[in-house]
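What follows is a set of notes on a single structure, which appears directly below.
To find a chain, count down the sequence lines: A is the first, B the second, and so on, and within it residues start at 1.
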There are 2 protein chains.
Amino acid sequence: MDALTASDATDAFAALSQPLRLQAYRLLVQAGAEGVAAGAIAARLDVRQNTMSANMAVLLHAKLVRRERRGRSIVYFADFATMQSLLGFMLEDCCGGRPDLCQPLIQEIACAC
Amino acid sequence: MDALTASDATDAFAALSQPLRLQAYRLLVQAGAEGVAAGAIAARLDVRQNTMSANMAVLLHAKLVRRERRGRSIVYFADFATMQSLLGFMLEDCCGGRPDLCQPLIQEIACAC
DNA sequence: TCAATATTTCAAATATTCATGAAATATGGA
DNA sequence: TCCATATTTCATGAATATTTGAAATATTGA
């Protein structure tokens with residue numbers, strides 16, 4: 001995937017900076033390739049559908065999620081390529097001369113998976 | 001370091017969702033252990049000192065940066081432990097049953113360093 | 001102690017974000 | 001075609017964030 005612009009990155013961070021959206025995003029990260037239907041996300045997080053829809057639109061605009069119609073439902077998925085770009089943007093050049101600082105960081109992220 | 005709460009995570013993302021703060025944070029990530037003085041950050045990003053100061057306070061509250069007085073200057077540093085926790089929070093359980101999806105992600109992040 | 005430097009804090013005006021109710025759109029089945 | 005289901009879009013008011021000028025704090029050196 002392409003590198004993010006600074007504006008793409010701030011959009012993504014803004015999208016993740018709201019509790020409901022962060023919860024929804026983590027739900028989709030955990031659901032993986034199966035995705036979760038719009039209504040199921042709202043039910044799971046106990047909010048109205050239109051509130052959830054407005055918030056999903058923010059995640060969608062930030063390209064952190066994708067969606068796909070399946071019959072009457074619309075199923076959302078986390079977009080891992082964007083997450084990857086975002087992390088790359090944040091960490092860019094973090095090791096300029098100090099790989100000893102960076103290596104344990106990578107190690108720990110790997111463990112979170 | 002401790003695991004982040006959802007509130008810590010949204011605070012951190014909110015802090016990174018503003019262009020000036022994201023630029024400042026990346027500057028500190030790249031500067032590493034040397035850090036950058038408050039005035040130098042403002043000068044480098046071409047904003048007034050009090051505007052920069054208010055924005056650094058947001059990064060500080062989110063624990064994404066630390067600071068330390070050195071003579072007349074106050075020097076800021078990126079806090080890598082918080083970044084690590086934040087990435088862990090985002091990626092938690094992302095591989096529930098699908099390590100094949102997660103491994104290339106980790107690989108790519110490692111390359112960004 | 002006095003003045004200069006480096007930075008933060010405060011209060012205010014402006015701009016942005018958020019949840020909501022109501023209306024609109026799209027799909028599937030009788 | 002008609003109705004129910006699933007979801008989004010729109011307009012609005014309330015809450016929150018952002019920048020700014022002015023004033024305050026802390027440090028250094030003469």
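- Distance, B:Gln18 CD to D:dA17 P: 12 Å, rounded to whole Å.
- Heavy atoms only, all atoms of each residue included: A:Phe77 and A:Gly35 are closest at CD2-CA, 3.6 Å.
- B:Arg70 has a carboxylate O that lies under 4.0 Å from a charged side-chain N of B:Glu68, or vice versa, which qualifies the two as a salt bridge.
- For the residue pair B:Asp8/B:Thr5, the side-chain donor-acceptor check at 3.5 Å is satisfied.
- Nearest nucleotide to the side chain of B:Ala38, out of D:dT7, D:dT18, C:dT7: C:dT7.
- In this structure, CG of A:Leu20 is placed 14 Å from C1' of C:dT20, rounded to the nearest angstrom.
- In the hydrophobic cluster analysis, where Ile, Leu, Val, Met, Phe, Trp and Tyr join through side-chain heavy atoms closer than 4.5 angstrom, A:Leu27 is grouped apart from A:Val75.
- For B:Asp46 (side chain) and B:Ala42 (main-chain N/O), no donor-acceptor pair under 3.5 Å exists by modelled atom type.
- Toward the 5′ end of DNA chain C lies the nearest nucleotide of B:Ser73, the other residue of the pair B:Ser73 and A:Arg21 mapping further downstream.
- Interface residues of residues 47-68 of chain A facing DNA chain D, ordered by number: A:Gln49, A:Asn50, A:Ser53, A:Arg67; criterion, heavy-atom separation under 4.0 Å.
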Can you tabulate the close N/O pairs, meaning under 3.5 Å, that link protein atoms to atoms of nucleotides 25-30 of chain D?
none

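- Residue A:Ala15 comes nearest to A:Leu64 through the heavy atom pair CB-CD1, 3.9 Å, listed as atom of the first residue, atom of the second, then distance.
- Judged by the 6.0 Å and 45° rule, A:Arg26 forms a cation-pi pair with B:Phe89.
- The separation between A:Leu45 atom CG and C:dA19 atom P is 12 Å, rounded to whole Å.
- Neither OP1 nor OP2 of D:dA6 sits under 4.0 Å from any side-chain N or O of A:Tyr76.
- When every heavy atom of A:Thr10 is checked against every heavy atom of B:Leu16, the shortest pair comes out as CG2-O, 4.0 Å.
- Contact annotation for B:Ala37: backbone-only contact, meaning every heavy-atom pair under 4.0 Å involves sugar-phosphate atoms and none involves a base.
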